[in-house]
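Each chain gets a letter, A, B and so on, in the order the sequences are listed, and its residues count up from 1.
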Amino acid sequence: MKLAESFYIRRNVTTIARQLLGKILTTKINNLITGGMIVETEAYSYKERGCHAFKGRTQRNEVMFEQGGKAYVYLCYGVHEMFNVVTNKTGKADAILIRALEPVSGIEIMQDRMGVNSSKRITSGPGKLTRALGIDRKLNGEELKKNIIWIEDKGIQIKQTAIVRSARIGIDYAGEDALLPWRFTIKGNKWISK
DNA sequence: TACGTGATCACG
DNA sequence: GTGATCACGTAA
């Protein structure tokens with residue numbers, strides 16, 4: 001069952017980031033279905049320096065200021081498309097970066113998109129999973145309740161004791177906010193990014 | 001450890 | 001307009 005709109009709003013972004021672990025992210029692009037279980041997330045809030053929305057609204061981060069339940073997709077280092085889930089109410093620009101998936105659906109399609117013959121590590125990183133699932137900036141602002149990109153709850157429960165908190169990756173520019181333990185992973189899962 | 005890659009943003 | 005920077009991935 002797709003996550004309800006209420007899942008994405010009126011709750012702490014860190015709570016939502018934790019609860020996204022074990023949920024299934026799926027895309028239907030060019031009529032091809034691909035998807036995987038979320039095993040690594042990072043929370044970002046407009047209140048802290050790690051977040052694209054910290055300094056206010058810009059052309060790139062505009063969708064972050066909209067109501068939760070949409071995709072925020074941007075290009076990183078000129079090469080990698082990055083997929084985030086927008087959360088919180090209109091004007092409260094929170095988002096969660098999806099950093100790694102465990103492949104579930106359309107594994108051959110994902111291998112083709114990655115140009116490899118094995119499923120090994122095809123979705124273990126934020127730039128890789130978007131490529132495997134066919135996600136790019138055309139999906140920026142897309143509503144997750146529609147049938148192009150969505151997140152489902154298939155009843156998989158991740159115990160609190162199986163969740164690891166750590167500092168977020170690659171945001172040294174955020175100063176002391178880079179130390180916030182806002183990265184969530186499923187303990188021992190082999191699909192976590194390196 | 002180094003660097004490709006091109007959009008973005010803060011300057012003026 | 002311009003230049004530094006960047007929520008990565010791969011090669012070495």
### Query
Once you round it to whole Å, what is the distance between P of dA7(B) and OH of Tyr72(A)?
15 Å

### Task
Using a heavy-atom cut-off of under 4.0 Å over every strand shown, decide if Arg168(A) touches base, sugar-phosphate, or nothing.
nothing

### Task
Take the protein atom CD of Glu62(A) and the nucleotide atom P of dT8(B), then report the distance between them rounded to whole Å.
12 Å

#### Entry: Distance in angstrom units between Lys55(A) NZ and dT5(C) P, rounded
12 Å

#### Entry: 5'-most by nearest nucleotide on DNA chain C - Tyr173(A) or Met114(A)
Tyr173(A)

### Message
Between Arg121(A) and dG9(C), is there a contact of a side-chain N or O with OP1 or OP2 at under 4.0 Å?
### Response
no

#### Entry: Verify stack between Tyr74(A) ring and dA7(B) base, 5.5 Å, 30 degrees
no

## Note on the structure
Checking dT5(B), dT10(C), dC8(C) against the side chain of Val79(A) (C-beta onward), the nearest is dT5(B)

### Task
Decide whether Glu102(A) and Asn189(A) meet the rule of one side-chain donor and one side-chain acceptor closer than 3.5 Å.
yes

### Query
To the nearest angstrom, how far is Leu129(A) atom CG from dA7(C) atom C1'?
13 Å

## Note on the structure
note: Glu81(A), atom CD; dG9(C), atom P; distance rounded to Å ~ 12 Å

### Message
We want to know whether Thr34(A) and Thr27(A) form a side-chain donor-acceptor pair, criterion being a heavy-atom distance below 3.5 angstrom.
### Response
yes

### Query
Hey, is the side chain of His80(A) pairing donor to acceptor with the base of dA7(C) inside 3.5 Å?
no

### Query
Side-chain donor-acceptor pair under 3.5 Å between Lys55(A) and Asn61(A), yes or no?
no

### Task
Using only side-chain N and O atoms of Arg99(A), determine if any of them is under 4.0 Å from OP1 or OP2 of dA7(C).
no

### Query
With nearest nucleotides of DNA chain C determined for Ile169(A) and Arg131(A) from heavy-atom distances, which residue corresponds to the more 5′ nucleotide?
Ile169(A)

### Query
When you measure from the side chain of Thr58(A), which nucleotide among dA7(C), dG9(C), dC9(B) comes out closest?
dC9(B)

### Query
Which nucleotide in the list dT5(B), dC9(B), dA7(B) gets nearest to the side chain of Leu75(A)?
dA7(B)

### Query
Looking at Asp136(A) and Lys138(A), does any basic side-chain N land under 4.0 Å from a carboxylate oxygen?
yes

### Query
Atom CG of Leu97(A) and atom C1' of dC6(C): how far apart are they, to the nearest Å?
14 Å

### Query
Which nucleotide, in any strand shown, forms a Watson-Crick or G-U wobble pair with dT5(B), with both distances under 3.5 Å?
none

### Message
Please name the nucleotide paired to dA7(C) by Watson-Crick or G-U wobble geometry with both distances under 3.5 Å, or report none.
### Response
none

## Note on the structure
Arg49(A) CZ to dT5(C) C1', in whole Å, measures 15 Å

### Task
State whether a side-chain donor-acceptor pair under 3.5 Å links Tyr72(A) with His52(A).
yes

### Query
In whole angstroms, how far is the C1' atom of dA7(C) from the CG atom of Asn61(A)?
13 Å

### Query
Can any side-chain N or O of Glu42(A) pair as donor or acceptor with the backbone N or O of Arg99(A) at less than 3.5 Å?
no

### Query
Looking across every strand, which nucleic acid part, if any, lies under 4.0 Å from Lys128(A) by heavy atom: base, sugar-phosphate, or nothing?
sugar-phosphate

